[in-house]
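One structure below.
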Amino acid sequence: MISVNDFRTGLTIIVDGQLYRVLDFQHVKPGKGAAFVRSKLRNLRNGSVNEKTFRAGEKVEKAQIDNRKMQYLYAQGDEHVFMDLESYEQTELASAAIEYELKFLKENMEVHIQSYQSEMLGIELPNTVELEVAETEPGIKGDTASGGTKPATLETGLIVQVPFFVNQGDKLIINTEEASYVSRA
């Protein structure tokens with residue numbers, strides 16, 4: 001058990017039998033009445049974000065999340081196969097569980113699989129990934145004075161805004177949290 005006064009971003013807790021990750025929290029001490037903690041929680045099973053208020057000092061159960069390093073092997077229908085790098089055991093995850101992360105996944109990429117009591121919750125991507133530009137309009141010479149951008153479709157199907165000098169076949173570094181262009185590789 002952990003006190004809500006000890007909340008910190010990224011902490012995983014169990015509230016009403018559901019698994020949540022703390023996204024944001026704020027300690028509030030009103031002039032009249034008791035102090036409380038206002039929090040923003042993400043349900044790890046369905047991805048919904050809820051706001052919940054706890055009384056100061058209230059106790060919640062802390063969840064132990066296991067992170068295992070795995071390698072993405074391939075897609076098989078609606079399932080995606082990952083291999084544990086230590087035991088070579090293969091695990092399947094449904095597309096629905098990793099819908100956002102699929103935009104960044106390439107075969108043989110190493111990721112961290114998160115699980116709670118042998119229930120697979122999802123994957124944790126690196127902060128940046130290297131992806132190749134599959135399709136983009138060619139840059140026109142002299143078109144970079146304003147520092148504009150153009151859309152580019154990457155090898156995984158992700159569409160990001162890139163500078164005019166980026167061409168088809170270039171390898172780019174992409175931020176996985178914001179799905180945005182960082183630099184050329």
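Heads up: numbering here begins at 1 and tracks the sequence.
- Thr53 places none of its side-chain heavy atoms less than 4.5 Å from the side chain of Val28.
- Between Lys150 and Val162, some side-chain heavy-atom pair lies under the 4.5 Å cut-off.
- Contacts of Tyr100 classified as ring-ring contact (aromatic ring centres under 6.0 Å, His included), with partners at least two apart in sequence or in another chain: Phe104.
- When the side chains of ILVMFWY residues are joined at heavy-atom separations under 4.5 Å, either directly or via intervening members, Val15 and Leu44 end up in two distinct hydrophobic clusters.
- Distance CD1/Ile65 to OG1/Thr12: 4.5 Å, rounded to 0.5 Å.
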**Message:** side-chain contact (heavy atoms from CB on, under 4.5 Å), that's the test. Do Thr128 and Ile174 meet it? Break it down for me.
**Reply:** CA-CA 5 Å; Thr128 59; Ile174 303 296; over 6 Å; no
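- Between the Thr176 side chain and the Pro126 main chain, a donor and an acceptor come within less than 3.5 Å of each other.
- Atom CD of Glu119 is surrounded by more than 12 heavy atoms from other residues, nucleotides or ligands within 6.0 Å.
- Between the side chain of Lys29 and the backbone N or O of Ala35, no donor-acceptor pair lies under 3.5 Å.
- Residue Phe36 holds its CZ atom at 8.0 Å from CD of Gln26, rounded to the nearest 0.5 Å.
- Note: Asn43 CG to Asn50 CG = 6.5 Å, rounded to the nearest 0.5 Å.
- Annotation for Ala63 and Ile14: closest pair CB-CG1, 3.8 Å, computed over non-hydrogen atoms.
- Between the side chain of Thr136 and the backbone N or O of Thr153 there is no donor-acceptor pair closer than 3.5 Å.
- Linking ILVMFWY residues whenever their side-chain heavy atoms come closer than 4.5 Å, directly or via other members, places Val129 and Ile98 in the same cluster.
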**Prompt:** Taking it one step at a time, do Arg8 and Val22 satisfy side-chain contact (heavy atoms from CB on, under 4.5 Å)?
**Reply:** CA-CA 7 Å; Arg8 58 184 191 282; Val22 177; over 6 Å; no
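- Judged purely by atom type and a 3.5 angstrom limit, Ser39 has no side-chain atom pairing as donor or acceptor with the backbone of Leu41.
- Counting all heavy atoms, side chain and backbone alike, Thr9 lies closest to Phe25 at N-CE2, 3.6 Å.
- Heavy atoms of other residues, nucleotides or ligands lying less than 6.0 angstrom from NZ of Lys40 number 12 at most.
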**Prompt:** Going through the distances and angles, do Lys52 and Tyr20 end up as a side-chain contact (heavy atoms from CB on, under 4.5 Å)?
**Reply:** CA-CA 11 Å; Lys52 189 155 177 63; Tyr20 291 100; 6.0 Å; no
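- When all heavy atoms of Asp170 and Asn167 are compared, the closest pair comes out as OD2-N, 2.9 Å.
- No side-chain donor-acceptor contact under 3.5 Å links Ser183 to the backbone of Ile173.
- Rounded to the nearest 0.5 angstrom, Ile113 CD1 and Met83 CE are separated by 12.0 Å.
- Thr156 places a side-chain N or O within donor-acceptor distance of the main-chain N or O of Lys103, the cut-off being under 3.5 Å.
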**Prompt:** So Leu105 and His80, side-chain contact (heavy atoms from CB on, under 4.5 Å) or not? Walk me through it.
**Reply:** CA-CA 10 Å; Leu105 274 182; His80 297 272; 5.7 Å; no
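- Between atom NZ of residue Lys69 and atom CD of residue Glu110 there is a gap of 4.5 Å, rounded to the nearest 0.5 Å.
- The ring-ring contact (aromatic ring centres under 6.0 Å, His included) check on Phe82 picks up Tyr72, with sequence neighbours excluded.
- Of the possible donor and acceptor atoms, none in the side chain of Glu79 sits under 3.5 Å from a partner among the backbone N and O of Gln76.
- Considering OH of Tyr181 and CD of Gln161, their distance stands at 12.5 Å, rounded to 0.5 Å.
- Annotation for Glu99: atom CD does not count as buried by contact number, only 12 or fewer foreign heavy atoms lying within 6.0 Å.
- Leu102 and Met120 fall within a single hydrophobic cluster, where Ile, Leu, Val, Met, Phe, Trp and Tyr are joined by side-chain heavy atoms under 4.5 Å apart, directly or via other members.
- Side chains of Ser95 and Asp78: a donor-acceptor N/O pair is present below 3.5 angstrom, by distance only.
- The shortest heavy-atom contact between Arg55 and Val4 is O-CG2, 3.3 Å.
- Counting non-hydrogen atoms of other residues, nucleotides and ligands closer than 6.0 Å to NZ of Lys62 gives a total of 12 or fewer.
- With a 6.0 Å radius and a threshold of 12 heavy atoms from other residues, nucleotides or ligands, Arg68 has its CZ atom above the threshold.
- Other residues, nucleotides and ligands contribute only 12 or fewer heavy atoms inside 6.0 Å of the CD atom of Glu135.
- For the pair Gln168 (side chain) and Ala134 (backbone), a donor-acceptor distance under 3.5 Å is present.
- Listed here is the closest heavy atom pair of Lys171 and Glu130: CD-OE2, 3.1 Å.
- Nearest heavy atoms, Ile159 versus Pro151: CG2-CB, 4.2 Å.
- Both Leu154 and Val166 are part of a single hydrophobic cluster, where members link through side-chain heavy atoms under 4.5 Å apart.
- Residues Leu131 and Val182 do not share a hydrophobic cluster, defined by chaining ILVMFWY side chains whose heavy atoms lie under 4.5 Å apart.
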